[in-house]
A.B. asks: 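First, the structure itself, so that you have it in front of you.
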Amino acid sequence: MLVSFVKRPPIGSRRLTQMRATRKMAVFVLDKQKRPLMPCTEKRARLLLERGRAVVVRPAPFTIRLKDRLGGAVQPLRLKLDPGSRVTGPALVRESETCDPDTGAVERLEHGLWFGELAHRGHQIRDALTLRRQYRRARRARKTRYRAPRFLNRTRREGRLPPSLQHRLDTTVNWVRRLCRIAPISALSQELVRFDTQAMQNPEIRGVEYQQGELAGYEVREYLLEKWNRTCAYCGATHVPLEIEHIIPKSRGGSDRISNLTLACRACNQRKGNRSIEDFLQRQPALLHRIRTQAKAPLRDAAAVNATRWALFAALKATGLAVETGSGGRTKFNRTRLDIPKTHALDAACVGAVDQLRDWNRPVLAIRATGRGAYSRTHTSGNGFPRGYLTREKRVHGFQTGDWVRAEVPKGKKAGVHVGRVAVRRTGSFNIQTQGGTVQGISYRHCRLLQRADGYGYSFQPKPQTEEARRAA
Ligand SMILES: [Zn+2]
């Protein structure tokens, strides 16, 4: 067999995955007593359902329960998280280890099973609170006599997070718990910090990648991006490729130390060339001064920058599962080495020590935190005047906003099948948010409940979607 001797390209190779058909999403399986079993394929789930051996527990994430099985062999699964400010990518992988018979080196192999992208609504929460504060302030100014402002009259609990950040933490932990209920998860991985300061300062501490400086380079880059706010230090350009720039050029004896590095766009980098910074910025003394001070100032403590990440780490440890942590630099290093596109879910899969990642080209479940409605029963106009009222009852004909429904409209302009998130109206004429857009004016009579509102909206991405692809679409 000659074929087996041919060295195959790494599995992550883009060429190979383009040829291979996209894999399907894994289906979660519970036993008779609702204990998690190994996730199965869509095909197998369909057969089990057709034969009446299983029932659907919930459509998102798709979970079935076997009616005749009690317990079963499970392999340990790992849930990996890449917490982001807007989107957190959970990825569920099965781990295995292969041992090279020649060298005896152990490789950590990961098989992607299920990918999700959890979109937070922290900014919505922040905006709503700001608006409420403004209304209240304006109202007090109108309705009460003058009182001197009081301030610093509250005590805050140690480790308190602002509501928008607390929400990020709560929703992430909530999804970890949910997934633990439907899959045999035995370990967690989390990207804890953006860059590993230890790795930059003591290059000899860990592993071969650090010694060769490859991974250390990634950490330095992430650190600089954070320190210089992802902008060109000289012209302030953002959203352009940035290059690492030596403030004192190497040809003039400048070092590779962090305090001598900054970021510059291509044009600025070339214009500066090997001139000294005093020469380059002789007409902009203010900018020269600012760059010099910023270069010397160490970045605020990484722990403070990443307060939410540390809070999440504490919450994950409280689950009792083993928690592995990684840095953002390592994630990027793994992703680049394995030639995997940048998405939130795939970033999560690349967190921590990964040698090989397989089956990553799968559909993604997009989960959007939507909240469960508002306490306020009054809609207000842009200026805070009342404009319409909501009902006291949340339910209309047994449905409530956020329920996932399937509507089969037999005839008329809206004839057809619409599946999606419903927004109820007291008249019984609902709006349905489908994958293709919003369909208005669907009678409750045509609707059938698929899943109760649980504070999240769901949609499916057939392929991992990168930021660029999303912007282009
Ligand atoms: Zn520039």
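Note that this is a predicted model, so its numbers are computed, not measured. Both counts, for ligands and for their atoms, begin at 1 and track the order of listing.
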A.B. asks: My understanding is that only residues two or more places apart in sequence, or in another chain, count here; which of them pass side chain to side chain donor-acceptor pair (under 3.5 Å) with Gln282?
C.D. replies: none
A.B. asks: State which residues pass salt bridge (Lys or Arg N to Asp or Glu O under 4.0 Å) with Arg275; sequence neighbours excluded, sorted by chain then number.
C.D. replies: none
A.B. asks: To the nearest 0.5 Å, how far apart are CZ in Arg157 and CG in Leu161?
C.D. replies: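 Rounded to the nearest 0.5 Å, the CZ-CG separation comes out at 7.5 Å.
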A.B. asks: List-wise, which protein N, O or S atoms are found short of 2.8 Å from the Zn ion (ligand 1)?
C.D. replies: Cys232 SG, Cys235 SG, Cys265 SG, Cys268 SG
A.B. asks: Among residues at least two apart in sequence or on other chains, which ones pass side chain to side chain contact (heavy atoms under 4.5 Å, CB included) with Ala348?
C.D. replies: Asp82, Ala91
A.B. asks: Look at Glu324 together with Arg108 and state whether they make a salt bridge at an N to O cut-off of under 4.0 Å.
C.D. replies: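 A salt bridge links Glu324 with Arg108.
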A.B. asks: Could you measure the distance from the CZ atom of Arg140 to the CZ atom of Arg147? Nearest 0.5 Å is fine.
C.D. replies: 5.0 Å
